[in-house]
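Values reported hereafter were calculated over all heavy atoms of this structure, with side chains retained and with hydrogens, waters and symmetry mates removed. Numbers restart at 1 for each chain; the letters A, B, ... are given by sequence-line order, proteins then strands.
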Amino acid sequence: MAKNFTTRAENYSEWYNELVVKADLAENSAVRGCMVIKPYGYAIWEKIQAVLDKMFKDTGHVNAYFPLFIPKSYFEKEAEHVEGFAKECAVVTHSRLRARANGKGGLEPDPDSRLEEELIVRPTSETIIWDTYKNWIQSYRDLPILCNQWANVVRWEMRTRMFLRTAEFLWQEGHTAHATEEEAVAEAKQMLEVYAEFAEKWLAMPVLKGVKSANERFAGAIETFCIEAMMQDGKALQAGTSHFLGQNFAKAFDVKFLTKENKLEYVWATSWGVSTRLMGALIMTHSDDNGLVLPPKLAPIQVVIIPIYKNDEQLPMISEKALEIKKALEVKGISVKYDDRNTQKPGWKFNEYEFKGVPVRIAIGPRDIEEGTVEVARRDTLEKEVFQQADLANKIAHLLENIQANLYQKALTLREENTHKADSWDEFKDVLETKGGFILAHWDGTPETEQKIKEETKATIRTIPFDAPEEAGKCIYTGKPSARRVVF
RNA sequence: CGGGGUAUAGCGUAGUCCGGCUAUCGCGCCUGCUUUGGGAGCAGGAGGUCGCAGGUUCGAAUCCUGCUACCCCGACCA
């Protein structure tokens with residue numbers, strides 16, 4: 001990726017922001033740190049929702065909905081959890097407004113309406129869900145509970161970025177309750193697999209599956225599994241997490257059940273989530289200087305047809321052919337937009353749909369009508385080719401598959417080119433400085449060492465990969481033995 | 001929350017140091033004509049509490065004080 005998307009974009013961040021604006025995905029809201037997701041951006045989110053929702057249901061989950069407000073005291077019940085989220089909560093203190101007392105006009109919270117207990121706008125729903133689950137669970141026959149919630153959450157972040165970290169964001173959060181530790185761990189791992197499959201097959205984004213180190217773990221979890229992707233600037237992005245919560249929340253909310261053997265035991269828990277950040281990942285993984293590049297499987301518009309005509313007499317004939325093509329494509333399940341607006345010129349439209357990342361563009365004009373052809377342009381390579389109209393639908397369907405595969409391969413190649421091994425402290429620092437990207441290195445497994453490495457180099461352990469080969473080595477920092485490499 | 005920066009039309013900006021005529025220019029928008037295979041040309045037109053609140057001054061976008069919002073870097077995070 002070059003950095004000349006616009007003359008103003010001086011770094012990757014600016015490039016990304018420009019891209020979001022030009023592709024018409026979202027804009028900053030008047031509300032601090034929040035964003036407005038525009039119709040085209042939301043269409044992508046709906047697609048993500050639809051696919052994930054089906055995958056959740058295929059793995060036995062059901063949807064439910066829990067309250068937006070959480071009583072403050074719920075947070076106080078799980079010590080680590082409250083510590084993790086306390087600094088970024090929106091707090092509701094009053095229930096009504098009144099005219100300002102100083103008589104200058106305007107409104108102020110009515111002091112008489114002060115809430116006895118403040119309500120927290122959910123930053124995540126573990127607490128209120130576990131408070132609810134307590135009432136749902138008495139016996140092993142009530143387990144497992146496999147619920148998912150599609151919702152918005154609020155985290156009062158210091159610094160925000162569209163899609164990647166907004167004060168309010170949309171997500172799904174799964175919360176499950178199990179009778180045994182093994183079952184809960186299996187659930188957490190299964191959902192990570194679901195996320196990884198979604199990322200790779202739908203987003204065309206290769207991910208590393210693994211475990212978070214203790215320092216990076218979710219507040220209140222025993223183990224955090226994650227998928228990590230590499231963006232085009234070589235930086236890592238956490239694209240999804242799945243947590244094994246052990247019995248922490250069951251103990252905090254006193255959720256016990258009677259086993260077959262009539263023994264009272266605490267329930268085992270998991271939670272897992274992905275958010276609108278996935279859209280940020282999608283943008284940063286594939287886009288180029290001409291705008292967004294969407295993988296065909298997620299594009300709200302997969303094919304756009306643009307008529308080219310000199311005068312209004314030519315249009316009906318072209319439209320007839322274009323609509324015929326549109327119909328043939330739609331029969332194949334391809335989503336097609338025919339843009340016959342006479343308010344914009346063809347060149348303008350070409351640019352417009354490139355900004356929007358539409359995978360395939362078909363242009364059809366008088367010349368094509370005569371010769372029985374169309375001009376087909378693919379967004380990923382920007383190549384144009386003349387296709388015969390005969391059997392066009394099959395050719396386009398094939399092309400879409402081809403683009404999907406190509407995007408994945410391109411992203412994978414980029415990751416591989418930017419992943420290096422380091423076997424000594426000097427080599428580690430050198431690679432970090434000169435190459436960046438992911439570094440595979442040995443680590444002694446202690447939080448202290450991780451912390452020291454972070455302090456000295458700013459590098460963090462992104463994940464401890466599941467599929468890392470067993471390989472004896474020495475920690476790059478302390479020289480102590482290590483069984484496998486981790487990803488910095 | 002620490003460091004740096006910015007705020008002028010829908011968007012991007014000039015002007016601010018050194019106060020002074022009707023606040024500059026480009027994109028976009030509207031009207032008309034000509035155009036249409038890669039962001040059209042010409043002509044005309046509409047659009048402004050110069051972030052907010054005070055202050056200094058004959059006079060403030062410009063100087064002073066306070067506030068707010070946004071952007072970048074860091075810490076934190078999905």
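Atom-to-atom, CZ of A:F355 to C1' of B:G28 comes out at 14 Å; the value is rounded to the nearest Å. For the pair A:E18 CD and B:C72 C1', the computed distance is 14 Å after rounding to whole Å. One atom, CD of A:E27, and another, P of B:C71, lie 13 Å apart when rounded to the nearest Å. In this structure, the CH2 atom of A:W348 is 18 Å from the C1' atom of B:G37, given to the nearest Å. As a whole-Å value, the separation of A:N17 CG from B:G12 P is 12 Å.
To the nearest whole angstrom, the two C1' atoms, one in B:C50 and one in B:C25, are 16 Å apart. Annotation: B:G54 and B:A14 have their C1' atoms spaced 28 Å apart (nearest Å). Taking atom P in both B:G51 and B:G15, one finds a spacing of 15 Å when rounded to whole Å. Distance check on atom P: B:A43 versus B:G4 gives 49 Å, rounded to whole Å. Look at the P atom in both B:C29 and B:A75: the space between them is 43 Å, to the nearest Å. A gap of 30 Å separates the C1' atoms of B:G59 and B:A46, to the nearest Å. Atom name C1', nucleotides B:U62 and B:G19: the rounded distance is 6 Å, in whole Å. Rounded to a whole angstrom, the distance from the C1' atom of B:C18 to that of B:C63 is 11 Å.
In summary, the side chains of A:T373 and A:D368 do present a donor paired with an acceptor at a separation below 3.5 Å, with no hydrogens or angles considered. Between A:R161 and A:N17, the side chains place no donor N or O within less than 3.5 Å of an acceptor N or O (distance only, hydrogens not considered). Using modelled atom types, one finds no donor on one side chain facing an acceptor on the other under 3.5 Å when comparing A:Y16 with A:S287. There is a side-chain donor-acceptor pair under 3.5 Å between A:Q149 and A:S125. In summary, the side chains of A:E450 and A:S213 do present a donor paired with an acceptor at a separation below 3.5 Å, with no hydrogens or angles considered. Residues A:K337 and A:Q302 bring no donor and acceptor atom of their side chains to less than 3.5 Å of each other.
Considering only residues two or more places apart in sequence or on other chains, A:K57 meets the salt bridge (charged side-chain N to carboxylate O under 4.0 Å, His left out) condition with A:D53. With sequence neighbours excluded, the residues forming a salt bridge (charged side-chain N to carboxylate O under 4.0 Å, His left out) with A:E193 are A:K209, listed by chain and number. Under the side-chain contact (heavy atoms from CB on, under 4.5 Å) criterion, A:R165 pairs with A:E157, A:R159, sequence neighbours left out. For A:K297, there are no salt bridge (charged side-chain N to carboxylate O under 4.0 Å, His left out) partners two or more places apart in sequence or in a different chain. By the salt bridge (charged side-chain N to carboxylate O under 4.0 Å, His left out) test, A:D58 is found to be paired with A:K54, residues two or more places apart in sequence or in another chain being considered.
Within 3.5 Å, a donor on the side chain of A:E354 pairs with an acceptor on the base of B:G38, or the reverse.
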Can you run through RNA chain B from 5' to 3' and write each base as (, ), [, ], | or . depending on how it pairs? Watson-Crick or G-U wobble, both distances under 3.5 Å.
(((((((..(((.......[....))).((((((.....)))))).....(((((..]....))))))))))))....

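Residue pairs satisfying the salt bridge (Lys or Arg N to Asp or Glu O under 4.0 Å) criterion with at least one member in residues 227-243 of chain A, sequence neighbours excluded, are listed as follows: A:K212-A:E228, A:E228-A:R462.
A cation-pi arrangement, defined by a distance under 6.0 Å to the six-membered ring centre and an angle within 45 degrees of its axis, is absent between A:K38 and A:Y42.
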Counting primed atoms plus P, OP1 and OP2 as sugar-phosphate and everything else as base, spell out the protein contacts along nucleotides 41-48 of chain B at 4.0 Å heavy-atom distance: B, S or - for each nucleotide, 5' to 3'.
--------

Distances under 3.5 Å only, N/O to N/O: pair up the protein atoms with those of nucleotides 33-36 of chain B.
unit_1 : atom_1 : unit_2 : atom_2 : d
B:U36  : O2'    : A:Y309 : O      : 3.0

Are any protein N/O atoms closer than 3.5 Å to N/O atoms in nucleotides 2-4 of chain B? If there are, list each pair with its distance.
none

N/O contacts under 3.5 Å, protein versus nucleotides 73-78 of chain B?
unit_1 : atom_1 : unit_2 : atom_2 : d
B:C73  : OP1    : A:S13  : OG     : 3.3
B:C73  : OP2    : A:R159 : NH2    : 2.0
B:C76  : OP1    : A:K454 : NZ     : 3.0
B:C76  : OP2    : A:K454 : NZ     : 3.2
B:C76  : O2     : A:E157 : OE1    : 3.3
B:C76  : N4     : A:R165 : NH1    : 3.3
B:C77  : O2'    : A:E157 : OE2    : 3.3
B:C77  : O2     : A:R277 : NH2    : 3.4
B:C77  : N3     : A:R165 : NH1    : 3.4
B:A78  : O3'    : A:Q238 : NE2    : 2.6
B:A78  : O2'    : A:R277 : NE     : 3.0
B:A78  : O2'    : A:R277 : NH1    : 2.2
B:A78  : O2'    : A:R277 : NH2    : 3.4
B:A78  : N6     : A:T166 : O      : 2.8
B:A78  : N3     : A:S275 : OG     : 2.9

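Here the side chain of A:T160 is nearest to one of B:C71, B:G39, B:G37, namely B:C71.
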Extract all donor-acceptor atom pairs below 3.5 Å that involve side chains of residues 275-284 of chain A and protein atoms in other chains or at least two apart in sequence.
unit_1 : atom_1 : unit_2 : atom_2 : d
A:S275 : OG     : A:R277 : N      : 3.0
A:T276 : OG1    : A:L170 : O      : 3.4
A:R277 : NE     : A:L164 : O      : 3.1
A:R277 : NH1    : A:Q238 : O      : 3.2
A:R277 : NH2    : A:L164 : O      : 3.2

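Under the 6.0 Å cut-off for aromatic ring centres, A:W272 and A:H61 qualify, their centroids lying closer than that. A distance of 6.0 Å or more separates the ring centres of A:W202 and A:Y408. For A:Y477 and A:F428, the gap between ring centers reaches or exceeds 6.0 Å.
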